[in-house]
Amino acid sequence: MTWSILGAGSLGCLWAARLSRAGLPVRLLLRDRQRLNAYRALGGVTLIEDGRESLYPIPAETVAQGAPIQRLLLACKAYDAESAAASVAARLAPGAELILLQNGLGSQQAVSAHLPRTRCLYASSTEGAFRESDFRVVFAGHGQTWLGDEHGGPTPAWLTELEQAGIPAQWSENILERLWRKLALNCAINPLTVLHQCRNGELAGHPDEVAALCDELGQLLHACNYPAAAQELQGDVERVIAATAANFSSMYQDVAQGRRSEIAYLLGHACREGDRLHLALPRLRAVHERLRAYLVARGLPDT
Ligand code: NAP
């Protein structure tokens with residue numbers, strides 16, 4: 001069965017290149033004819049790994065045209081997920097599977113609500129990649145991807161294809177808990193790196209602020225019924241800050257480069273869930289408001 005990949009950016013190309021070199025059928029779905037022509041002119045996806053680059057001439061088509069889709073990897077940003085999924089909805093075959101690779105929470109539920117006849121699986125990945133230029137991607141950090149089904153159901157047989165392609169993936173019986181834990185780690189670190197304009201490691205100089213956010217995120221996780229995701233949160237946040245001390249967070253990089261951030265699906269989602277559960281969360285809301293003001297002042301979307 002063909003792997004269709006919509007979102008030929010960092011992670012989409014990273015998955016496509018590895019599936020393709022394992023001999024598995026894969027095709028890229030591009031926005032329009034202009035993007036398709038640009039892709040064809042380059043001859044394929046270039047993946048740069050450990051300084052070596054390889055070109056993968058993966059077949060591509062536009063979202064509008066082609067055979068029915070049985071298995072789709074949606075690899076766009078969270079804020080593009082609904083519209084990107086809608087652009088191929090008519091091509092999804094009955095019983096198709098859709099793997100949602102978006103960070104944060106909220107976009108997955110929005111997409112699956114529109115596709116009741118499609119099995120929507122959620123993914124949480126610690127792999128790292130960035131786009132050097134169009135269809136040219138650097139594999140920047142090895143990691144792991146967890147996949148799971150919010151509604152239960154069997155482990156997909158195609159996990160073995162991911163293994164065959166060298167994509168480290170594991171089935172998770174509680175993918176929402178994993179996504180919440182990652183969201184909490186992200187909310188405790190990334191917004192502060194933007195507001196303090198610093199590398200992750202410099203947050204060690206703001207221990208009270210970090211501790212207050214971890215405390216409120218812990219309250220939120222408990223109220224959402226994910227107590228395991230709240231365990232040792234502050235300790236883990238401090239470990240991440242120390243282990244990635246020299247790095248700029250993804251949100252810091254997005255803002256520094258004038259790109260839209262995924263704030264609505266991270267801190268925004270946390271605050272919306274706080275509203276729903278009538279939690280005060282004053283420190284979290286204050287950081288959210290300061291971050292939104294910071295983005296607006298730089299002409300960037302605050303949602
Ligand atoms: P990215 O490099 O920006 O790639 C997103 C791609 O989606 C772009 O190529 C974009 O096309 C395409 N796209 C958006 N809307 C589309 C549409 N309607 N039709 C066709 N293509 C569309 O993003 P990414 O870094 O791979 O991130 C994807 C998700 O994975 C995010 O939620 C991110 O937080 C998460 N994630 C990323 C990493 C990482 O290291 N990169 C790690 C973990 C998680 P254009 O090029 O035409 O705009």
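This chain uses plain numbering: 1 for the first residue, then up along the sequence. All values reported here derive from a predicted model rather than from experimental measurement. Atoms within each ligand, like the ligands themselves, are counted from 1 in listed order.
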(request) May I ask you to list the residues sharing a hydrophobic cluster with V296, side-chain cutoff 4.5 Å, ordered by chain and number? (result) none
(message) Please enumerate all residues that pass side-chain contact (heavy atoms from CB on, under 4.5 Å) together with A140, with sequence neighbours excluded.
(response) F130
(request) Please work out whether the ring planes of W180 and H269 are parallel, tilted or perpendicular, with thresholds of 30° and 60°. (result) tilted
(message) If the criterion is any heavy atom closer than 4.0 Å to an atom of ligand 1, which residues make the list?
(response) L6, G7, A8, G9, S10, L11, R31, R35, A75, C76, K77, A78, D80, A84, L101, Q102, N103, S125, E127, G128, A129, R131, E262
(message) Quiz question: by atom type and distance under 3.5 Å, do the side chains of N200 and T244 form a donor-acceptor pair?
(response) yes
(request) Please identify each residue that fulfils side-chain contact (heavy atoms from CB on, under 4.5 Å) with T46, with sequence neighbours left out. (result) I48, E53, L55, R136
(message) Checking Q102 against Y265: is there a side-chain donor and acceptor pair closer than 3.5 Å?
(response) no
